[in-house]
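One-based numbering, in listed order, for ligands and for the atoms of each. Residue numbers count from 1 along this sequence. All values reported here derive from a predicted model rather than from experimental measurement.
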Amino acid sequence: MKHVMATLLRLQTLEMGDDVESPAVSQSIAELRAKIPPQILGHYDRMMARGKKGIAIVRNGVCRECHVKLAIGALQVLRHGTDIQICGNCGRYLCLEEDVATAVSAPVAPAIPKPRTRKPKKAALEHAR
Ligand SMILES: [Zn+2]
């Protein structure tokens, strides 16, 4: 689930930025939103509607928004990326700082899908001509 949280964090950065009105940024926002599951987006939007950040970065095991130390179990889950974690104190989604770094350095463009190895049906191609 790390990529979902990284995507959410990128979305939040754009939505809280000064360029949110520009067409390029709103295009990016739409693309990022399309990648995030609706229920996660819903919780995020409710937080943002209340003027809060929807996702917080975790540094040294501490939520950077409310400065409360996370439970070891929650940190383990975050490290392994097996599930989403919400800060027990402020209710924000959590994203490890080291995961943010890898997400930012990753290319913005989506990965090119591998070409299909399945050969097209010869008969169908000839029939189309
Ligand atoms: Zn918190």
Side-chain angles (χ1 to χ4, degrees):
M1 298 309 288
K2 286 184 180 186
H3 63 288
V4 175
M5 289 299 106
T7 305
L8 193 61
L9 194 73
R10 201 182 282 185
L11 172 68
Q12 177 174 272
T13 306
L14 287 178
E15 290 191 335
M16 297 185 83
D18 298 331
D19 302 328
V20 69
E21 302 291 327
S22 86
V25 171
S26 54
Q27 168 77 19
S28 300
I29 286 172
E31 284 169 9
L32 289 173
R33 281 183 170 271
K35 290 179 189 170
I36 301 167
Q39 67 272 29
I40 294 177
L41 213 47
H43 180 79
Y44 164 85
D45 280 336
R46 280 192 292 276
M47 297 292 284
M48 293 293 270
R50 282 187 266 159
K52 291 179 174 181
K53 286 183 181 177
I55 179 164
I57 293 170
V58 178
R59 178 185 277 175
N60 299 329
V62 175
C63 170
R64 282 186 64 190
E65 295 302 324
C66 68
H67 308 288
V68 162
K69 200 163 170 47
L70 301 177
I72 297 294
L75 276 175
Q76 290 287 344
V77 172
L78 276 178
R79 288 220 172 88
H80 291 122
T82 49
D83 202 3
I84 290 162
Q85 286 296 308
I86 287 177
C87 176
N89 185 57
C90 66
R92 293 176 173 93
Y93 286 117
L94 296 170
C95 186
L96 288 178
E97 192 177 41
E98 52 262 41
D99 293 339
V100 177
T102 51
V104 169
S105 60
V108 178
I112 298 156
K114 285 181 184 172
R116 284 169 189 241
T117 47
R118 200 179 51 169
K119 286 174 188 168
K121 282 178 189 166
K122 205 176 177 186
L125 280 174
E126 279 171 356
H127 186 74
R129 276 184 203 140

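In this structure a side-chain-to-backbone donor-acceptor pair under 3.5 Å is missing from His43 to Tyr93. At distances below 3.5 Å, not a single donor-acceptor pair connects side-chain atoms of Gln85 with backbone N or O atoms of Val77. Remark: side-chain polar atoms of Lys2 are paired, donor with acceptor, to backbone N or O of Arg79 under 3.5 angstrom.
Annotation: side chain of His3 is not in contact with side chain of Lys35 (no heavy-atom distance under 4.5 Å).
Between Glu31 and Arg10, no side-chain nitrogen of the basic residue sits less than 4.0 Å from a carboxylate oxygen of the acidic one, so the salt-bridge criterion is not met.
Annotation: Gln39, atom CD; neighbour count of heavy atoms from other residues, nucleotides and ligands within 6.0 Å is above 12.
Under 2.8 Å from the Zn ion (ligand 1), one finds the following protein N/O/S atoms: Cys63 SG, Cys66 SG, Cys87 SG, Cys90 SG.
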